[in-house]
Amino acid sequence: MIETARLLLREWRSSDREPFARLNADPRVMEYFPARLSREQSDSLVDRVEAHFAKHGFGPFAAELRESGDFAGFVGLSIPPFEALFTPCVEIGWRLDAAYWGCGLATEGARAVMNYGFETLGLREIVSFTVPTNVRSRRVMEKLGMAHDAADDFDHPGIPDGHPLQRHVLYRKRA
Ligand SMILES: CC(C)(COP(=O)(O)OP(=O)(O)OC[C@H]1O[C@@H](n2cnc3c(N)ncnc32)[C@H](O)[C@@H]1OP(=O)(O)O)[C@@H](O)C(=O)NCCC(=O)NCCS
């Protein structure tokens, strides 16, 4: 569990599934993903997140607002399941309910997660990636001091050829 000024980053509870499904069905949140998720797909993502924690001891943490106890989304680390030039690697990622955007929460949580990755887990490098047009997410990466090299840009293996969201930018940060 990681605490920041406003967030509690913790393992998942069954009560997180309903608000997580709501944000995964929101077109604003899913603008840069191939599709919104049904309740079943959202639950299956939580199953994979829980399996990631069980296997690796870390994962995308559920992000809870300390003041209200509300579930706000996730911020955390994961090992991408696909092969690319930069894998194997550990990725930092975030997805928050749109109601909480624009207050610095993703950056606040991600800073703490990065420290945890480098200091507690002893990682040598953390990467992050998204589509070029996801300026909010790229801004978070930049605020974390991550660096983008156009030579690392790649086609996401999980997205079909020719799909407008196939091209991705990669950011890296070394310990
Ligand atoms: C990406 C996401 C987590 C950011 O959360 P957040 O808590 O709003 O992020 P922060 O407030 O820490 O930082 C957002 C930054 O983007 C900037 N920003 C927001 N909208 C912007 C826009 N349209 N153009 C340029 N910058 C923008 C903000 O101003 C802020 O930067 P600043 O602090 O320099 O002003 C949130 O938008 C989200 O959940 N998006 C949907 C899921 C997603 O795309 N996840 C990433 C997939 S790789």
Side-chain angles (χ1 to χ4, degrees), residues 2-10 12 16-38 41-42 45-46 48-49 52 59-68 70-82 84 86-87 89-117 125-150 152-159 163-173:
I2 300 173
E3 271 185 289
T4 70
R6 292 174 292 174
L7 293 172
L8 192 58
L9 302 173
R10 54 158 176 79
W12 291 65
D16 300 330
R17 289 181 177 238
E18 194 272 323
F20 190 51
R22 224 181 313 123
L23 74 88
N24 284 323
D26 182 338
R28 291 169 296 174
V29 175
M30 301 308 278
E31 182 179 357
Y32 301 107
F33 295 88
R36 291 185 269 155
L37 303 186
S38 66
Q41 289 168 323
S42 178
L45 175 54
V46 180
R48 293 198 300 279
V49 164
H52 193 290
F61 295 101
E64 178 180 312
L65 294 171
R66 288 177 61 187
E67 195 176 75
S68 60
D70 287 344
F71 170 88
F74 71 72
V75 183
L77 298 169
S78 61
I79 298 177
F82 57 80
F86 55 87
T87 63
C89 66
V90 176
E91 176 203 0
I92 187 164
W94 33 73
R95 190 179 302 177
L96 298 181
D97 190 309
Y100 305 116
W101 292 1
C103 311
L105 280 176
T107 307
E108 178 179 316
R111 277 210 178 102
V113 166
M114 273 209 148
N115 285 341
Y116 165 78
E125 185 180 61
I126 295 176
V127 307
S128 194
F129 47 83
T130 187
V131 296
T133 46
N134 192 346
V135 288
R136 291 186 195 89
S137 195
R138 293 183 69 163
R139 185 74 197 119
V140 175
M141 294 170 199
E142 283 158 11
K143 288 195 285 180
L144 294 170
M146 303 188 85
H148 169 233
D149 179 348
D152 283 329
D153 291 359
F154 68 105
D155 289 332
H156 196 301
I159 302 200
H163 192 288
L165 298 176
Q166 189 183 32
R167 198 73 186 151
H168 276 61
V169 288
L170 182 83
Y171 283 69
R172 301 176 185 262
K173 184 160 173 144

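Order of listing sets the numbers, starting from 1, for every ligand and every atom in it. Just so we're clear, the structure is a prediction, and the values are computed from it rather than from any experiment.
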Seminar exercise, completed: CE (Met114) and OG (Ser128) are apart, to the nearest 0.5 Å, by 7.5 Å
Exercise. Checking Arg6 against Tyr100: charged group under 6.0 Å from the ring centre and within 45 degrees of the axis?
Worked result: no
Problem set entry | Expected output: side-chain Lys173 to main-chain Leu144 donor-acceptor under 3.5 Å | yes
For this session: Measure the acute angle between the ring planes of Trp12 and Phe74, then classify it against the limits of 30° and 60° as parallel, tilted or perpendicular.
Result: tilted
Exercise. So Arg95 and Asp26, salt bridge (charged side-chain N to carboxylate O under 4.0 Å, His left out) or not? Walk me through it.
Worked result: CA-CA 11 Å; Arg95 190 179 302 177; Asp26 182 338; over 6 Å; no
For this session: Taking only heavy atoms of the protein into account, state which residues are under 4.0 angstrom from an atom of ligand 1, in chain and number order.
Result: Val29, Phe33, Trp94, Arg95, Leu96, Trp101, Gly102, Cys103, Gly104, Leu105, Ala106, Thr107, Phe129, Thr130, Asn134, Val135, Arg136, Ser137, Arg139, Val140, Lys143
For this session: Say whether, by atom type as modelled, one donor and one acceptor occur between the side chain of Arg111 and the main chain of Lys143 under 3.5 angstrom.
Result: yes
